Amino acid sequence: MTAQLIDGNALSKQIRAEVAQRAAALTARGVKPGLAVILVGDNPASQVYVRNKVKACEDSGLHSVLEKYDAALTEAELLARIDALNRDPAIHGILVQLPLPKHIDDHQVIEAISPAKDVDGFHVSSAGALMVGEVGFKACTPYGCMKMLESIGMKDLRGKHAVVIGRSNIVGKPMAMMLLAANATVTVCHSGTADLGAMTRQADVVVAAVGKRNVLTADMVKPGAVVIDVGMNRNDEGKLCGDVDFAGVKEVAGWITPVPGGVGPMTITMLLVNTIEAAERCAA
Ligand code: GUN
C-alpha cells in the first residue's frame with residue numbers, strides 16, 4: 001500500500017471535541033443548541049442515519065428532538081410541523097431525512113425550512129449562498145470532504161485539478177462549488193461523461209460520489225492523487241463499501257479515505273458544526 005489513510009473517525013473525534021466545547025459555552029450563556037430531526041416512514045437506512053445523528057448530538061451536549069411519523073403523513077401535516085419548528089426558539093437546526101415517501105414533494109419541504117435553520121444546507125438559499133460566496137450553511141457531506149482535505153494540508157487547492165464524479169444536489173454540485181472556492185480547477189463528471197478515466201487520470205484530487213461500486217479503479221488514478229470516497233454501497237458479501245476499488249486504488253493514490261470510517265462520520269460531524277453555528281448566530 002502506498003496511500004496514507006485519511007481517518008474520518010479520528011478527525012471527527014477532534015472536531016466533535018471542539019463542538020462540545022462550543023456547545024458548553026453556549027449552554028452556559030443560556031442557549032442550549034437544539035436540532036430537530038424529522039423521519040417520515042420506515043426506510044431502514046434512514047432509521048440508522050437519524051439514530052446516529054441524534055446520538056451524536058447527545059454525545060456533544062446538543063439538545064435533539066427526533067420526530068418520527070408514519071409514511072401516511074400528508075405533505076400539509078409535514079409543512080405544518082416545519083412551520084412550528086421554524087418558530088421554536090429551542091430549535092436552531094431542522095433536518096428532514098431524505099428520501100421522503102413519494103406523495104411528498106421533497107423540494108416543497110426543503111424550501112419550507114427557514115434558511116437560518118437549514119443545517120443540511122439543502123435550501124435553495126443555502127445553495128445560492130455557496131454559489132456566490134455568501135454566508136450560508138454548507139451541505140454536510142461535501143463540507144466534511146473539505147475538512148478532510150484541510151487535515152492533510154490541502155486547504156488551498158490553487159494549481160490543483162479536482163475531479164468530482166457525480167452531480168447530485170446533495171454532494172456532487174456543492175462539492176464542486178466548495179473545491180472551486182478553495183481555488184481548485186474543477187471538472188464535474190457524470191453518467192454522460194464520455195471517458196471518465198481520461199478525466200480522473202488528470203486529477204490531483206478525485207471525489208467519487210455516485211453510489212455505485214468500483215466506479216474508480218487503479219488504472220484511473222494518477223500516482224500520488226488524493227482520493228475521497230463518498231459512496232456507501234454493499235458488496236456481494238453484504239459488506240459496506242464505497243464507490244472506489246479500495247484494494248487497487250490504495251496502491252496508486254497518495255491519500256485515500258476508507259469506507260467505513262471515512263466520509264460517513266464526517267457528514268454527521270459537520271451537521272453538528274452547522275447546528276452549533278446556527279445557535280451561535282442566534283445568540284450573537
Ligand atoms: N439522506 C441521505 N443523506 C442525507 C443527508 O445528508 N441529509 C438528509 N436530510 N437526508 C439524507
Side-chain angles (χ1 to χ4, degrees), residues 1-12 44-45 48-49 52 139-154 157 160-176 178-179 184-270:
M1 166 152 170
T2 61
Q4 298 190 65
L5 282 185
I6 311 179
D7 183 342
N9 284 323
L11 183 57
S12 278
V48 175
Y49 290 142
N52 290 342
C140 301
T141 298
Y143 192 9
C145 295
M146 294 307 291
K147 287 285 170 195
M148 292 180 112
L149 288 172
E150 200 179 315
S151 77
I152 58 165
M154 295 184 74
L157 298 172
K160 305 286 185 203
H161 185 182
V163 171
V164 179
I165 317 173
R167 54 175 158 174
S168 69
N169 289 337
I170 293 181
V171 184
K173 284 186 215 164
M175 186 80 246
M178 289 180 210
L179 290 163
T185 300
V186 182
T187 301
V188 182
C189 298
H190 47 80
S191 52
T193 299
D195 187 347
L196 181 60
M199 297 294 152
T200 56
R201 273 188 290 274
Q202 298 175 37
D204 302 297
V205 176
V206 184
V207 181
V210 177
K212 216 166 79 186
R213 283 162 55 194
N214 298 332
V215 160
L216 191 75
T217 49
D219 57 305
M220 299 165 75
V221 176
K222 178 160 90 174
V226 181
V227 175
I228 310 256
D229 191 349
V230 177
M232 282 272 209
N233 312 298
R234 298 262 168 203
N235 67 14
D236 294 335
E237 290 91 54
K239 268 181 64 183
L240 203 59
C241 66
D243 290 353
V244 174
D245 171 25
F246 184 84
V249 171
K250 75 180 183 355
E251 302 299 334
V252 182
W255 292 90
I256 189 166
T257 66
V259 177
V263 173
M266 289 302 292
T267 296
I268 298 187
T269 297
M270 300 326 289

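Just so you know, these numbers come straight off a predicted model, no measurement behind them. Hydrogens, waters and symmetry mates play no part in the numbers below; they use all other heavy atoms, side chains included.
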(request) Hey, could you give me each pair passing salt bridge (charged side-chain N to carboxylate O under 4.0 Å, His left out) that has a residue in residues 227-239? Not counting sequence neighbours. (result) Arg213-Asp236
(request) Could you tell me which residues satisfy side-chain contact (heavy atoms from CB on, under 4.5 Å) with Ala247, sequence neighbours excluded, listed by chain and number? (result) Asp245
(request) Would you check if Leu216 and Leu196 make a side-chain contact, meaning some heavy-atom pair closer than 4.5 Å? (result) no
(request) Determine the minimum heavy-atom distance between Val188 and Gly166, stating which atoms define it. (result) CG1-O, 3.7 Å
(request) Flag the pair Cys189 / Thr200 as yes when at least one side-chain heavy-atom distance between them is below 4.5 Å, and no otherwise. (result) no
(request) Can you measure from CE (Met266) to OG (Ser12) and round to the nearest 0.5 angstrom? (result) 5.0 Å
(request) Evaluate the side-chain proximity of Val249 to Ile256: yes if any heavy-atom separation is below 4.5 Å, no if none is. (result) yes
(message) If I compare all heavy atoms of Leu5 with all of Phe246, which pair ends up nearest, and what's the gap?
(response) CD2-CZ, 3.7 Å
(request) Decide yes or no for Asn233 and Asp243: does some side-chain heavy atom of the first lie under 4.5 Å from some side-chain heavy atom of the second? (result) yes
(request) Apply salt bridge (charged side-chain N to carboxylate O under 4.0 Å, His left out) to Lys173 and list each qualifying residue two or more places apart in sequence or on a separate chain. (result) none
(message) Nearest 0.5 Å, please: how far is OG1 in Thr141 from CE in Met232?
(response) 8.5 Å
(request) Just jot down the salt bridge (charged side-chain N to carboxylate O under 4.0 Å, His left out) partners of Arg201, sequence neighbours excluded, or say none. (result) none
(message) For a quick test of reading the model, state the closest non-hydrogen atom pair linking Pro174 to Ser168 and the distance between them.
(response) CD-O, 3.7 Å
(request) Flag the pair Val244 / Ile228 as yes when at least one side-chain heavy-atom distance between them is below 4.5 Å, and no otherwise. (result) no
(request) Could you tell me the separation between the CD1 atom of Ile152 and the OG1 atom of Thr257, rounded to the nearest 0.5 Å? (result) 10.0 Å
(message) What I'd like to find out is whether the side chain of Met146 reaches to under 4.5 Å of the side chain of Met175, using heavy atoms alone.
(response) yes
(message) On a heavy-atom basis, which atom in Ile6 and which in Ser151 lie closest, and how many Å separate them?
(response) CG2-OG, 3.9 Å
(message) Nearest 0.5 Å, please: how far is CG in Leu149 from NZ in Lys160?
(response) 11.0 Å
(request) Apply side-chain contact (heavy atoms from CB on, under 4.5 Å) to Ile268 and list each qualifying residue two or more places apart in sequence or on a separate chain. (result) Arg16, Asn52, Lys53, Ala56
(message) Could you report the tightest heavy-atom contact between Thr2 and Glu251, atom names first, then the distance?
(response) OG1-O, 3.0 Å
(request) Could you check Val226, Asp7, Val263 and say which one makes a side chain to side chain contact (heavy atoms under 4.5 Å, CB included) with Met148? (result) Val263
(message) Less than 4.5 Å apart, side chain to side chain, heavy atoms only: is that true for Val230 and Cys145?
(response) yes
(message) If you define the side chain from C-beta out and look only at heavy atoms, does anything of Pro142 sit under 4.5 Å from Met270?
(response) no
I'd like a table of donor-acceptor pairs (distance under 3.5 Å, sequence neighbours excluded) in which one partner is a side-chain atom from residues 202-212, with atom names and distances.
{"unit_1": "Gln202", "atom_1": "NE2", "unit_2": "Ala198", "atom_2": "O", "d": "3.2"}
{"unit_1": "Asp204", "atom_1": "OD1", "unit_2": "Lys222", "atom_2": "NZ", "d": "2.9"}
{"unit_1": "Asp204", "atom_1": "OD2", "unit_2": "His161", "atom_2": "N", "d": "2.7"}

(message) Test side-chain contact (heavy atoms from CB on, under 4.5 Å) on Leu179 and Leu157; report intermediate values, then the result.
(response) CA-CA 7 Å; Leu179 290 163; Leu157 298 172; 3.6 Å; yes
